[in-house]
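Handing you this structure, nothing more for now.
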Amino acid sequence: MKKKIFSLLIAVVTVFSMYACASRNTALVLSFENDKTTFEEVSDVLRSRLERLYISNTNIDITEISAGELNVRINGTSLSDEQLKILLYSESLSVKDAKGNTVLSAEDFMDCSVGFDPSKSDGTGENGCYVKLTFTDDGAEKFKELTRRISSESEEKNRKLFFFSGKELIYEPVINSTVISKDIMLTGEFELTECILSSAQIFSAIKPLPCLVEVKLE
């Protein structure tokens, strides 16, 4: 078992390192509505998003150019189109019930990350990963009451919840019992890189940047 777990960790480190080994840099100029947010707030969100993409903070340089404008430079890494989309994502996470009512919003979630279950891994990390969503304290209490209520519905269609990232449906669980936890797992046949990107996108939907008004690639 120790050898299997060690092999999983090696695979994780290898895949994570892929994000920091590209031969080029990434440079962006972002404009934002400075009457709605501050440079520090935007910078913190961008750094936290890059962290979920496993970009080392030591390779990130974010500087203020002027009021409402900043420069982002990522040394040694050329972000893919999908990674750039996640970095600049402006939509929010929401959860709807079977009637289409919004029952949870981005404010009810605290984090989204990658988790690992070595017992389900083949030793390469490809089948042992999952996306972990973490609620705030208030969000966990809301989710507990929500699942308690809908789990008593007799028809399966009425026991469903629909998780949306913007307009994209990303998770559609059937609730059969009350959930008393701050964490929920989104499982599936994820490859590790897919799991990283999925969790990073959901995290961006938890911490949206609707204040961005222009993006320029340098």
Side-chain angles (χ1 to χ4, degrees), residues 12-13 15-95 102 104-115 131-139 163-168 170 186 192-218:
V12 172
V13 171
V15 175
F16 289 175
S17 297
M18 288 169 58
Y19 290 101
C21 293
S23 60
R24 296 187 293 116
N25 301 324
T26 299
L28 305 168
V29 174
L30 307 183
S31 299
F32 60 93
E33 298 174 279
N34 63 323
D35 59 331
K36 295 182 179 179
T37 189
T38 65
F39 164 75
E40 289 76 16
E41 289 172 339
V42 175
S43 176
D44 286 346
V45 171
L46 292 172
R47 286 183 182 277
S48 63
R49 289 181 174 191
L50 288 166
E51 179 183 338
R52 297 313 186 282
L53 290 169
Y54 293 89
I55 304 296
S56 172
N57 192 51
T58 58
N59 294 329
I60 303 168
D61 184 22
I62 302 178
T63 55
E64 187 172 20
I65 300 172
S66 60
E69 192 173 40
L70 58 82
N71 178 275
V72 180
R73 185 174 182 83
I74 304 165
N75 299 310
T77 299
S78 180
L79 295 185
S80 67
D81 289 344
E82 190 167 6
Q83 289 173 308
L84 279 171
K85 177 184 174 182
I86 291 169
L87 177 62
L88 304 172
Y89 199 70
S90 61
E91 301 289 346
S92 294
L93 186 70
S94 63
V95 181
T102 299
L104 294 169
S105 65
E107 289 75 17
D108 295 311
F109 295 88
M110 184 168 61
D111 197 5
C112 186
S113 57
V114 177
V131 175
K132 182 174 75 172
L133 263 170
T134 303
F135 292 102
T136 62
D137 289 340
D138 287 344
F163 287 67
F164 288 90
S165 178
K167 295 181 180 180
E168 180 185 355
I170 56 172
L186 282 61
L192 185 53
T193 50
E194 178 188 7
C195 198
I196 291 170
L197 292 172
S198 295
S199 66
Q201 179 179 336
I202 296 171
F203 177 81
S204 293
I206 294 173
K207 308 286 185 182
L209 279 176
C211 57
L212 291 183
V213 292
E214 187 178 17
V215 179
K216 297 177 182 178
L217 280 170
E218 289 190 326

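Note that these values count all heavy atoms, side chains included, but never hydrogens, waters or copies made by symmetry.
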Can you tell me how far apart CZ (Arg47) and CG (Asn57) are? Round to the nearest 0.5 Å.
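That separation rounds to 5.0 Å.
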
State, to 0.1 Å, how close Asp111 and Arg52 come at their nearest heavy-atom pair, and which atoms those are.
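Minimum heavy-atom separation between Asp111 and Arg52: OD1-NH2, 2.8 Å.
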
Considering non-hydrogen atoms only, spot the tightest contact between Pro208 and Ser90 and give its length.
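Heavy atoms only, the tightest pair is CB-O, 3.9 Å.
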
Please identify each residue that fulfils side chain to side chain contact (heavy atoms under 4.5 Å, CB included) with Thr58, with sequence neighbours left out.
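Per chain and number, Thr58 pairs via side chain to side chain contact (heavy atoms under 4.5 Å, CB included) with Ser56.
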
If we count only N and O atoms by modelled type, under 3.5 Å, do the side chains of Ser105 and Glu107 hold a donor and an acceptor together?
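Side-chain D/A pair, Ser105 to Glu107: present.
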
Heavy atoms only: give me the nearest Ser204-Ile86 pair and the separation to one decimal.
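It is OG-O, 2.9 Å.
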
Which heavy atom of Arg73 sits nearest a heavy atom of Ala27, and at what distance?
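Arg73 and Ala27 have their closest heavy atoms at NH1-CB, 4.0 Å.
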
Please check this pair: side chain of Ser43 against backbone of Phe39, looking for a donor-acceptor N/O pair closer than 3.5 Å.
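No, because the side chain of Ser43 does not come within donor-acceptor range (under 3.5 Å) of the backbone of Phe39.
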
Where do Gln83 and Leu197 land on the side chain to side chain contact (heavy atoms under 4.5 Å, CB included) test, with the steps shown first?
CA-CA 8 Å; Gln83 289 173 308; Leu197 292 172; 4.1 Å; yes

I'd like to check the side chain to side chain contact (heavy atoms under 4.5 Å, CB included) partners of Lys132; sequence neighbours left out, ordered by chain and number.
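Applying side chain to side chain contact (heavy atoms under 4.5 Å, CB included) to Lys132 gives Ser113, Tyr130, Thr134, Asp183.
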
Less than 4.5 Å apart, any side-chain heavy atom of Leu209 and any of Leu46?
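Leu209 reaches Leu46 side chain to side chain.
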
Any residue meeting salt bridge (charged side-chain N to carboxylate O under 4.0 Å, His left out) with Arg49, in chain and number order, not counting sequence neighbours:
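Applying salt bridge (charged side-chain N to carboxylate O under 4.0 Å, His left out) to Arg49 gives none.
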
By side chain to side chain donor-acceptor pair (under 3.5 Å) - contacts of Ser48 (at least two apart)
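With neighbours one apart ignored, the set is empty.
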
Identify, with sequence neighbours excluded, every residue that meets salt bridge (charged side-chain N to carboxylate O under 4.0 Å, His left out) alongside Glu33.
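Residues passing salt bridge (charged side-chain N to carboxylate O under 4.0 Å, His left out) with Glu33: Lys36.
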
Closest approach of Ala200 and Leu53, non-hydrogen atoms and distance?
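That would be CB-CD2, 3.8 Å.
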
Taking side chain to side chain contact (heavy atoms under 4.5 Å, CB included) as the test, write out the residues that go with Glu69, two or more places apart.
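Once residues adjacent in sequence are excluded, the partners of Glu69 under the side chain to side chain contact (heavy atoms under 4.5 Å, CB included) criterion are Val29, Ser31, Ile65, Ser66.
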
So Leu133 and Ile206, side chain to side chain contact (heavy atoms under 4.5 Å, CB included) or not? Walk me through it.
CA-CA 10 Å; Leu133 263 170; Ile206 294 173; 3.8 Å; yes

Identify which one of Leu50, Asn25, Leu28 satisfies the side chain to side chain contact (heavy atoms under 4.5 Å, CB included) criterion when paired with Ile74.
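One option only clears the test, and that one is Leu50.
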
Any residue meeting ring pair (Phe, Tyr, Trp, His ring centres under 6.0 Å) with Phe109, in chain and number order, not counting sequence neighbours:
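Phe109 satisfies ring pair (Phe, Tyr, Trp, His ring centres under 6.0 Å) with Phe135 once adjacent residues are dropped.
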
With side chain to side chain contact (heavy atoms under 4.5 Å, CB included) as the test, would you mind laying out the steps for Val42 and Val45 before giving the verdict?
CA-CA 5 Å; Val42 175; Val45 171; 5.9 Å; no

Run the salt bridge (charged side-chain N to carboxylate O under 4.0 Å, His left out) test against Asp137 and tell me which residues pass, sequence neighbours left out.
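Checked Asp137 against salt bridge (charged side-chain N to carboxylate O under 4.0 Å, His left out); matches are Lys182.
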
Does any N or O in the side chain of Tyr89 come within less than 3.5 Å of the main-chain N or O of Ser165, such that one atom is a donor and the other an acceptor?
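Answer holds: yes.
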
Under 3.5 Å: donor-acceptor pair, side chain of Thr26, backbone of Leu79
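Yes, Thr26 side chain to Leu79 backbone: donor-acceptor pair under 3.5 Å.
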
Any residue meeting side chain to side chain donor-acceptor pair (under 3.5 Å) with Asp35, in chain and number order, not counting sequence neighbours
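Expected list: none.
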
Should we count CG of Asp81 as having more than 12 external heavy atoms under 6.0 Å?
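No, CG of Asp81 has 12 or fewer neighbouring heavy atoms, counting only those of other groups under 6.0 Å.
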
Excluding sequence neighbours, so at least two apart, what forms ring pair (Phe, Tyr, Trp, His ring centres under 6.0 Å) with Phe32?
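With sequence neighbours excluded, Phe32 shows a ring pair (Phe, Tyr, Trp, His ring centres under 6.0 Å) to no residue whatsoever.
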
Flag side-chain contact, heavy atom, 4.5 Å: Glu168 against Glu91
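Glu168 does not reach Glu91 side chain to side chain.
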
Might you point out which heavy atoms bring Ala205 and Ala106 nearest each other, and give the distance in Å?
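For Ala205 versus Ala106, the nearest heavy atoms are O-CB, 3.6 Å.
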
Can you name the side chain to side chain donor-acceptor pair (under 3.5 Å) partners of Glu64, sequence neighbours left out?
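Listed in chain order: nothing, the list is empty.
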
With sequence neighbours excluded, residues passing side chain to side chain contact (heavy atoms under 4.5 Å, CB included) with Glu41:
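Glu41: side chain to side chain contact (heavy atoms under 4.5 Å, CB included) contacts with Thr37, Thr38.
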
Please report the C-alpha distance between Asp108 and Val95 in whole Å, then the side-chain angles of each, then the deciding distance to 0.1 Å, and finally whether the side chain to side chain contact (heavy atoms under 4.5 Å, CB included) criterion is met.
CA-CA 10 Å; Asp108 295 311; Val95 181; over 6 Å; no

